[in-house]
Amino acid sequence: MSSKTLTLPARLVRHCLHKPRVVCVDPVRLYYGSPQAAAGSAIRTVDLRSDTVTKPGAAMRRAMAEAEVGDDVFGEDPTVNELQKIAADMFGMEAALYVPTGTMSNLIAVMVHCRERDDEMIVGDLSHIHVYEQGGSAQLAGVHSATVTTLGDGTFDLDQLISKIRHGYPDPHYPRSRLVCVENTHNIQGGRVLPLSFLQELRSVADKFGLAVHMDGARVMNAAVALAVQPSVILQHCHSVSVCLSKGLGAPVGTMLGGSKDFIQRAVRARKTLGGGMRQSGVLAAAGKIALSDMIGRLEEDHRNARRFAQALVECDPSLYRVDLSTVESNILRFCLRDRQMSPAEFCERMAGVDEEEVKALGQGVRVLMFPHVGGTVRAVWHLGISEEDTQLAIQKAQFVAQQHKQHENAP
Ligand SMILES: Cc1ncc(COP(=O)(O)O)c(C=O)c1O
């Protein structure tokens, strides 16, 4: 709904809400969808679609403007080199490489770990690599995937993993199991933090069967903050990791790929093949340095706000929302609607729309943007651009939508 809705007579709005439109939206398509048309300036927007919507602040922009640069394909950009050194130290790994995106970073890791034509990787069936990266590992790297079932906490069953390993290799019928990927925090499963004990056990299985472990750690800094440990405590169990700077850490661009010196030397070649060798990329890396030095500590605030919102949904009267608070571990929240009459897509549309009733009841219009998500859920993500006050506005809006829904349900 746009600001135009505000000019509609309340009676008409009520009439429309009496007859909810059936909206059929594929949540996977909406995941990367665009927001509705911007509303009038009197209306506040709280954008909980993703932590990728963060924008660089003044300090980052200044650092970018003043960055010392060189040709990074020649290895001569001092700011990129510094960022790579900071990241490697932080990850407890020998080396790190600055790459444009998380998708490219994961693909490079697959290419480097699975170098033989018959190599296979094992991934969670709800992992970002498997669901949201267009099958790039098969399409571009020629690597076949076997899947294990992603569990609610983002882990998978290690016995199932063992059963998926091609024990028959080198019988020519089988590929060779070479790599296993994990995701931490787990995006589709609602920001779940992988337990350290799981990672430790996974690594011992991987070592036993000669597999490399790659972590899609797009949000591993959220995991570190949630567990109150250094990132290296998590990453000691992995051979390589991909860490996004452009999500909760607020940089406009960039992902750090970490691993051994040999792994990173090969990754430099793969990055160039994929067109990811950038030149004076120190302009971007300067923002990345601030992301790693200044932005990790504040992730705690996102976790707190996500939890506050989740708690408010649980306490909401009338009770429209179902949330399992024990699953709210970081900055991503998934919840369900108790009333199946209202689809997640319709709910998101109501949260994003503003009508006269709302302005009258709350004194202000608030558009809250969220996405319908996998499994009939709604997903909301907290980040740098969302304050405690924004969270409170989102809570009020969710309460208002629940009340309005109940009123219209009870109306004759
Ligand atoms: C878990 C995970 N991995 C990888 C990516 C890909 O990152 P990018 O958008 O930088 O390609 C994302 C993006 O949302 C993600 O959530």
Side-chain angles (χ1 to χ4, degrees), residues 47 50-72 75-93 95-105 184-185 191 215-226 228-235 241-258 264 271 276-306 330-332 381-388 390:
D47 191 345
S50 172
D51 47 10
T52 56
V53 302
T54 51
K55 293 175 186 164
M60 256 188 200
R61 286 174 191 263
R62 203 172 320 112
M64 292 170 78
E66 292 168 2
E68 267 192 60
V69 297
D71 189 329
D72 183 48
E76 291 175 1
D77 189 303
T79 311
V80 171
N81 291 339
E82 213 182 320
L83 172 65
Q84 291 176 165
K85 171 89 178 63
I86 293 169
D89 289 347
M90 194 176 262
F91 301 167
M93 289 182 167
L97 184 68
Y98 186 52
V99 297
T101 65
T103 302
M104 187 188 285
S105 184
N184 196 16
T185 64
M215 179 178 286
D216 176 355
R219 298 182 182 81
V220 76
M221 295 306 172
N222 293 85
V225 166
V229 298
Q230 294 298 321
S232 55
V233 171
I234 298 173
L235 299 177
V241 65
S242 169
V243 181
C244 288
L245 305 174
S246 59
K247 298 195 164 63
L249 301 182
V253 178
T255 291
M256 301 312 299
L257 179 60
I264 292 297
R271 181 183 67 173
M278 298 181 286
R279 300 293 177 172
Q280 285 70 34
S281 41
V283 169
L284 302 169
K289 275 173 55 188
I290 293 185
L292 289 184
S293 61
D294 293 6
M295 306 302 250
I296 297 172
R298 62 150 308 284
L299 294 174
E300 177 73 54
E301 186 186 332
D302 298 339
H303 299 188
R304 214 174 28 248
N305 283 332
S330 63
N331 66 326
I332 305 181
V381 187
W382 272 260
H383 53 80
L384 183 57
I386 305 296
S387 62
E388 196 177 325
D390 291 322

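All residue numbers refer to positions in the sequence shown, counting from 1.
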**Message:** Tell me if the CD atom of Glu388 is crowded by more than 12 foreign heavy atoms within 6.0 Å.
**Reply:** no
**Prompt:** Which pair of heavy atoms, one from Pro78 and one from Gly70, lies closest together, and at what distance?
**Reply:** CD-N, 3.9 Å
**Prompt:** Taking the side chain as C-beta and beyond, is there a heavy-atom pair between Met93 and Ile264 under 4.5 Å?
**Reply:** no
**Message:** Within the 3.5 Å criterion, strictly below it, is a donor on Ser242 or Ser105 matched to an acceptor on the partner's side chain?
**Reply:** yes
**Message:** Quick check: do Thr255 and Met104 have side-chain heavy atoms less than 4.5 Å from each other?
**Reply:** no
**Asked** Does some side-chain heavy atom of Asp71 sit less than 4.5 Å from a side-chain heavy atom of Gln280?
**Response** yes
**Taking every non-hydrogen atom, the tightest pair across Ile386 and Glu301** = O-OE2, 4.4 Å
**Nearest atoms (heavy-atom pairs only) where Ser330 meets Ala306** = O-CB, 3.6 Å
**Message:** Any heavy-atom pair between the side chains of Thr54 and Lys247 that's under 4.5 Å?
**Reply:** no
**Asked** With no hydrogens and no angle check, is any side-chain donor or acceptor of Ser387 less than 3.5 Å from a backbone partner on Asp390?
**Response** yes
**Prompt:** Could you give the distance from CG (Leu83) to NZ (Lys289), rounded to the nearest 0.5 Å?
**Reply:** 8.0 Å
**Message:** For His383 and Asn331, which I'm curious about, is there any donor-acceptor pair between the side chains at under 3.5 Å?
**Reply:** no
**Message:** Can a donor-acceptor pair be found, under 3.5 Å and without considering hydrogens, that links the side chain of Asn222 to the backbone of Leu299?
**Reply:** no
**Item:** Ile86 side, atom CD1; Asn81 side, atom CG - distance, nearest 0.5 Å
**Value:** 11.0 Å
**Request:** Check whether any side-chain heavy atom of Asp51 lies under 4.5 Å from a side-chain heavy atom of Arg219, and answer yes or no.
**Result:** yes
**Request:** Look only at the side chain of Gln84 and the backbone of Tyr98, and say whether a donor-acceptor pair between them is shorter than 3.5 Å.
**Result:** yes
**Request:** Mind running side chain to side chain contact (heavy atoms under 4.5 Å, CB included) on Met90 and Ile296 for me, showing each step along the way?
**Result:** CA-CA 12 Å; Met90 194 176 262; Ile296 297 172; 3.9 Å; yes
**Request:** Compare every heavy atom of Thr79 with every heavy atom of Ala67, then report the nearest pair and how far apart it is.
**Result:** CB-OG1, 4.2 Å
**Message:** Does any part of the side chain of Val241, heavy atoms only, come nearer than 4.5 Å to the side chain of Ile234, both counted from C-beta?
**Reply:** no
**Separation between CG of Leu384 and CG of Asp302, rounded to the nearest 0.5 Å** = 7.5 Å
**Message:** Quick check for you: to the nearest 0.5 Å, what is the distance between Gln230 atom CD and Leu235 atom CG?
**Reply:** 11.0 Å
**Item:** Contact summary for Gly102 and Cys244, nearest pair of heavy atoms
**Value:** CA-SG, 3.9 Å
**Asked** For the residue pair Met60 and Ala287, what are the closest heavy atoms and their distance?
**Response** CE-O, 3.6 Å
